[in-house]
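Atom set for the values below is all heavy atoms of this structure, side chains included, hydrogens, waters and symmetry mates excluded. Start at 1 and go down the list; that is how both ligands and their atoms are numbered. Residue indices begin at 1 and follow the sequence shown.
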Amino acid sequence: MKAGAALRRGELVAFPTETVYGLGADATNARAVAGIYEAKGRPRFNPLIVHVDTIMAAERIAHVSPKARRLAAAFWPGALTLVLRLRPDASIADLVTAGLDTVAVRVPDHAVALALIAAAGCPIAAPSANRSGHVSPTLAAHVAEDLGDAPAFILDAGPTAHGLESTILDASGDAIVLLRAGAVTMEAIERALGEVVVRASEAAADQPIAPGQLASHYAPRAPLRLNAREVHPGEALLAFGADVPVHAGALINLSATGNLVEAAANLFAALRSLDALHPDGIAVMPVPEHGLGAAINDRLRRGAAPRK
Ligand code: TXA
Ligand code: MG
């Protein structure tokens with residue numbers, strides 16, 4: 001399948017699932033995943049769902065607890081997404097989880113989606129294939145309207161069966177918690193599980209995670225100093241662009257050529273690497289606010305926000 005090879009090369013492929021059309025990228029390729037955010041015009045790095053073709057493939061990515069296994073056995077393939085504890089050795093790009101130590105996984109119930117995953121031979125990170133803020137696409141034509149030629153392929157299999165996104169459960173802890181209502185009902189889930197599912201919040205279906213929860217994303221231990229034009233003693237430098245101040249200490253350049261897709265792909269890993277050196281602080285050079293810069297700056301501002 002040509003689309004599988006395109007994914008392997010780091011290109012984007014839009015594909016049908018039983019819920020809505022997804023915009024897929026190789027979940028292990030940070031640069032490809034950054035391309036998803038660019039194509040969608042997403043102003044924030046929301047974590048993405050990883051699509052796999054078997055429970056076994058999910059287990060290579062995440063720890064599947066006995067309760068999570070029962071849910072997977074009952075509903076996969078299907079419109080149930082499980083948030084699970086990420087295996088550190090899974091080589092899922094940090095941009096997929098937005099730096100969290102959990103990962104959302106599901107096995108879609110659609111022959112084309114499953115064929116694509118098999119052909120690609122890698123887990124596929126995919127949000128709904130619409131521009132940020134628009135409604136989710138239930139037809140290939142919606143994808144083309146919203147995303148133009150950003151995907152190398154748009155696989156057309158007609159209207160999606162559910163037309164509603166998957167139900168998302170947090171199954172990373174002891175209690176199973178509803179994060180987003182969706183195509184699989186709570187009644188069906190509680191019947192399969194034999195216990196009550198905790199409702200996380202009164203959040204609307206399209207706003208599953210409150211901004212407050214997103215603020216708890218991995219933040220470096222070292223304080224971030226934004227829009228830095230020079231480096232103070234003891235600081236590490238997170239640079240951007242060609243015009244880097246003279247600095248003898250630790251330095252990572254998000255993109256020496258000022259490429260925002262490359263910068264987004266490098267962001268989380270760069271923060272982790274600099275933080276691991278235990279600097280007094282991390283000076284961050286200004287990143288332009290346009291394109292993916294908005295999401296990069298959103299993440300940096302969250303990382304720099306006062307700690308509780
Ligand atoms: O039906 C669907 O779920 C579609 C198809 C393409 O699979 N996908 C979809 O993706 O709706 P998206 O990006 O529109 O919504 C994914 C949501 C994120 O906004 C976030 O709320 C949640 O999944 N999510 C992903 N990873 C998470 C994590 N580690 N912890 C909590 N929530 C997570
Ligand atoms: Mg969406």
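For Ser91 and Thr28, the side-chain atoms include no donor-acceptor pair closer than 3.5 Å. With no hydrogens or angles considered, no side-chain donor-acceptor pair links Arg70 and Ser65 at under 3.5 Å. Under the 3.5 Å distance criterion, with hydrogens and angles disregarded, no donor-acceptor pair is assigned to the side chains of Asn259 and Thr257.
For ligand 1, one of its N or O atoms has an N or O atom of Arg106 under 3.5 Å away. For the pair Thr81 and ligand 1, the shortest N or O to N or O distance does not fall below 3.5 Å.
Atoms of ligand 1 found under 4.0 Å from any heavy atom of Ile49 (numbered from 1 in listed order, with element): 3 (O), 8 (N), 9 (C), 10 (O), 16 (C), 23 (O). Close contacts of ligand 1 with Leu100, meaning ligand atoms under 4.0 Å from a residue heavy atom, involve 28 (C), 29 (N), 30 (N). Remark: ligand 1 atoms within the under-4.0 Å shell around heavy atoms of His51 are 5 (C), 6 (C), 7 (O). Residue contact check: Leu179 has heavy atoms under 4.0 Å from atoms 31 (C), 32 (N) of ligand 1. Under a 4.0 Å criterion applied to the non-hydrogen atoms of Arg180, ligand 1 contributes the atoms 2 (C), 3 (O), 9 (C), 11 (O), 15 (O). The ligand atoms of ligand 1 that sit less than 4.0 angstrom from a heavy atom of Ile168 are 17 (C), 22 (C), 23 (O). Distances below 4.0 Å separate heavy atoms of Gly22 from the following atoms of ligand 1: 6 (C).
To the nearest 0.5 Å, atom CG of residue Leu169 and atom CG of residue Leu84 are 10.0 Å apart. Interatomic distance, CG of Leu71 versus OG1 of Thr81, reported as 12.0 Å (0.5 Å rounding).
Using a cut-off of 2.8 Å, one finds that Ser128 contributes an N/O/S atom close to the Mg ion (ligand 2).
Two rings, from His51 and Phe15, have their centers less than 6.0 Å apart.
Here the side chain of Lys67 pairs no donor or acceptor atom with the backbone of Ala171 at under 3.5 angstrom. Without hydrogens or angle criteria, Glu18 side chain to Asp109 main chain gives a donor-acceptor distance under 3.5 Å.
Proximity annotation for atom 13 (O) of ligand 1: of Arg85, Arg42, Glu165, His162, Arg42 comes nearest, heavy atoms only. Considering each of Ser128, Ala14, Ala79, Ala125, the one bringing a non-hydrogen atom nearest atom 14 (O) of ligand 1 is Ser128.
Contacts with ligand 1 closer than 4.0 Å are made by heavy atoms of both the backbone and the side chain of Thr102.
The number of heavy-atom neighbours closer than 6.0 Å to CZ of Arg85, taken from other residues, nucleotides and ligands shown, is 12 or below.
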